[in-house]
Amino acid sequence: MNSGEKINRFLTGGLLILVALISGFLTVNAFRYSYISAPTYVGYNWPRIIADSTFKNFLLCLCGMILFSLIKYFTDKYPDFSRTFSGVLFIMTAIIYIIIGIIYVKNSPYYPSGDQLNTTACAYYNLQGDYIMYSPLGYIGIYPQQKGLVFLYEIFFRLFGPFNYTPVYILHLFCNIGAMSLCFITLRELTKDAAVLFTYNFFAIMFYPMFQYATYAYGDLLSIFFTALLWFSLVKFYKNKKKRYLILIALSAYFSFATRASAIIAIISLVITLLLIFIKDKKLIYVSALILVVFVPLVLNTALNKYYEYKSGYDYHTGVPVTAFIAMGLMETDGAMGVYNNYNQKVYTVYDGDKKLASEEASAYIDSRLDEFKENPQYARDFFLEKVRMQWLEPIYEVNTHTHSFKEDAPLYGIYMDMYYGSLFYTIFKFMNRHQSFMYFYLFAFATISLVKLFKKKESVEPSLLFPLIMFVGGFLFSIIWEAKARYSLPYAFFLIIFIPMGMKNIYDFARDMVNKTEFIKQKH
């Protein structure tokens with residue numbers, strides 16, 4: 001083993017330890033508690049904690065493992081048929097998903113509000129030649145990261161008419177299936193195990209929040225799709241080194257970021273993954289990939305900024321300082337930890353868009369808050385524990401909260417009333433609560449068994465599989481300091497779904513090896 005492989009193994013081991021610690025923490029908490037966003041709305045309802053059953057969660061995870069073992073027995077007996085059938089089954093379920101989804105979004109009474117309405121209104125104003133939102137204190141002047149989404153809506157409004165959201169919703173449905181398909185194909189590249197593919201198919205299709213978020217006119221689902229394309233391209237590039245995948249990686253990185261600024265975590269995760277692969281293989285092509293991944297998004301983002309500078313006549317503004325978001329993430333608002341309270345925008349507008357002065361005030365608040373935490377460690381512990389739980393233990397990711405503004409002439413009726421206020425809401429919540437427990441438990445199983453295999457058996461983790469793990473760690477750490485919102489953990493949760501079958505497979509293989517080892521010892525004696 002050369003020095004590069006040793007360093008790679010050491011760093012991979014460190015990553016797996018972090019994943020095991022975080023997923024272990026989330027598993028213990030998810031088995032004991034859940035957070036629910038109430039289906040009634042008085043102002044803004046933060047998710048509230050409710051008790052869960054550790055025994056029931058563990059029992060269901062055990063039942064899932066038994067069922068996986070039965071599927072594994074069948075797929076191992078008929079490998080070629082099972083692998084083909086898993087693909088056919090996925091296509092069938094994807095078609096059903098799209099059909100049901102189109103019926104849902106065409107009849108949904110939801111109408112966008114907040115940031116969704118601001119970005120789409122900006123697109124409409126742009127088409128009218130009105131660029132007031134690009135002024136220093138205009139919406140885009142304050143939040144310049146929204147330009148990519150505005151540009152996309154300009155295209156949609158030109159094609160389908162102003163404020164026609166239905167085509168956007170249908171695009172979101174195809175993005176959902178596209179992201180699931182890309183992860184399914186990626187898994188086929190990483191493993192020949194049909195049981196893994198069967199299991200992924202079920203848990204991905206049943207990841208309900210993405211279905212309901214199809215009517216959410218924002219960049220979350222678009223960004224998830226491009227991040228899935230990014231990961232797929234990375235896997236293909238690692239396997240065959242073809243340049244077309246390198247270009248696709250760079251473009252996917254840009255579009256994931258352009259549609260949702262927090263996807264910068266995915267880009268950083270990709271850079272770290274490429275560095276780890278380079279350390280191991282020592283091939284300069286990975287350095288070239290790394291440079292391209294940074295260079296292309298930077299150039300395209302600069303070009304978009306220049307385009308809107310030219311069109312609007314306003315100079316580019318960097319908007320609200322990062323420190324203002326961090327300061328808000330350290331505040332307690334109406335008993336909720338780190339939630340949105342408009343502080344970031346207020347401190348920016350008070351200083352008339354002077355980023356330096358706004359940042360100084362926010363930094364001063366951060367310092368005073370950290371001093372407060374130092375003086376009262378118990379309060380600090382409770383603050384961050386509650387903040388993390390609220391974001392990572394809400395199994396429907398506040399989907400009802402964020403999609404509860406409805407058309408005035410289309411009151412809720414039938415199934416939509418039941419989805420938001422009735423028994424269907426609680427049925428979905430209970431199912432997704434178990435889904436989330438599976439996700440954290442089997443991620444923990446994957447990380448711990450992979451760690452044992454890495455150091456005991458010298459079996460390394462597939463390098464391209466490190467990307468979603470790094471992204472998860474980055475997303476978790478980011479959630480500690482940023483504005484708290486369960487919806488923000490949705491992209492990371494989507495990519496954690498693949499570790500449900502991968503964790504099950506790790507347990508199955510580990511148990512089989514133990515049985516084989518026991519049988520060998522018996523025969524020897």
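We're numbering straight along the sequence, starting at 1. All of these numbers come straight from a predicted model, not from anything done at the bench.
In this model, no donor atom of one side chain and acceptor atom of the other lie less than 3.5 Å apart for N400 and S37. Side-chain atoms of W392 and S479 form a donor-acceptor pair, as typed in the model, at a separation below 3.5 Å.
For the atom pair OG1 of T227 and CZ of F494, the computed distance is 9.5 Å after rounding to the nearest 0.5 Å. Taken to the nearest 0.5 Å, the CD1 atom of I267 stands 12.5 Å off from the CD1 atom of I272.
Residues satisfying the side chain to side chain donor-acceptor pair (under 3.5 Å) test with N29, not counting sequence neighbours, are R389. Under the ring pair (Phe, Tyr, Trp, His ring centres under 6.0 Å) criterion, Y78 pairs with F74, sequence neighbours left out.
A cation-pi arrangement is not found for K106 relative to Y104, the charged atom failing to lie both closer than 6.0 Å to the ring centre and inside a 45° cone about the ring normal.
Taking the six-membered ring where tryptophan is involved, the planes of F438 and F203 are tilted, since the angle between them lies from 30° to 60°. Classified by interplanar angle (parallel below 30°, tilted 30° to 60°, perpendicular above 60°), the ring pair F383/F373 is tilted. Relative orientation of the F406 and H404 rings is perpendicular, given thresholds of 30° and 60° on the angle between their planes. Using bins of under 30°, 30° to 60° and over 60° for the plane-to-plane angle, the ring pair F85/F198 lands in the tilted bin. In this structure, Y245 and F232 have perpendicular ring planes: the angle between them is above 60°, well past the 30° mark.
Of all non-hydrogen atoms in S69 and Y508, the two that sit nearest each other are OG-CD1, 3.7 Å. Taking every heavy atom of both residues into account, F429 and I396 meet most closely at CA-CG2, 4.1 Å. For the residue pair S256 and T259, the shortest heavy atom distance occurs at O-OG1, 3.3 Å. The two residues I249 and L230 come nearest to each other via the heavy atoms O-CD1, 3.3 Å. Considering all non-hydrogen atoms of both residues, R83 and A194 come closest at N-CB, 3.8 Å. When every heavy atom of Q212 is checked against every heavy atom of M419, the shortest pair comes out as OE1-CE, 3.7 Å.
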What verdict does the side chain to side chain donor-acceptor pair (under 3.5 Å) test give for T333 and Y340, after you've listed the backbone C-alpha separation in whole Å, the side-chain angles of each residue and the deciding distance to 0.1 Å?
CA-CA 8 Å; T333 304; Y340 181 80; over 6 Å; no
Worksheet item: Checking side chain to side chain donor-acceptor pair (under 3.5 Å) for the pair S450/N506: CA distance, chi angles, key distance, verdict?
Response: CA-CA 8 Å; S450 295; N506 265 12; 3.1 Å; yes
### Query
Given E386 and Y35, is the side chain to side chain donor-acceptor pair (under 3.5 Å) satisfied, shown in steps?
CA-CA 10 Å; E386 174 68 11; Y35 276 72; 2.6 Å; yes
Can you give each donor-acceptor pair under 3.5 Å made by side-chain atoms of residues 464-476, sequence neighbours left out, with the distance rounded to 0.1 Å?
from	atom 1	to	atom 2	distance (Å)
S464	OG	E462	OE2	3.1

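Sparse packing is recorded around NZ of K430, with 12 or fewer heavy atoms of other residues, nucleotides or ligands lying under 6.0 Å away. Surrounding OH of Y208 are more than 12 heavy atoms belonging to other residues, nucleotides or ligands, all under 6.0 Å away. Summarising the local packing, CZ of F10 is surrounded by 12 or fewer heavy atoms from other residues, nucleotides or ligands at distances under 6.0 Å. Heavy atoms from other residues, nucleotides or ligands lying under 6.0 Å from CZ of F510 number 12 at most.
Looking only at distances, a side-chain donor or acceptor of T427 sits under 3.5 Å from a matching main-chain atom of S423. No donor-acceptor pair closer than 3.5 Å links the side chain of S223 to the backbone N or O of D220.
In summary, of the residues considered (Y218, F255, F226), a side chain to side chain contact (heavy atoms under 4.5 Å, CB included) with R260 occurs for Y218 alone.
Using a 4.0 Å cut-off between charged nitrogen and carboxylate oxygen, K236 and E189 count as a salt-bridge pair.
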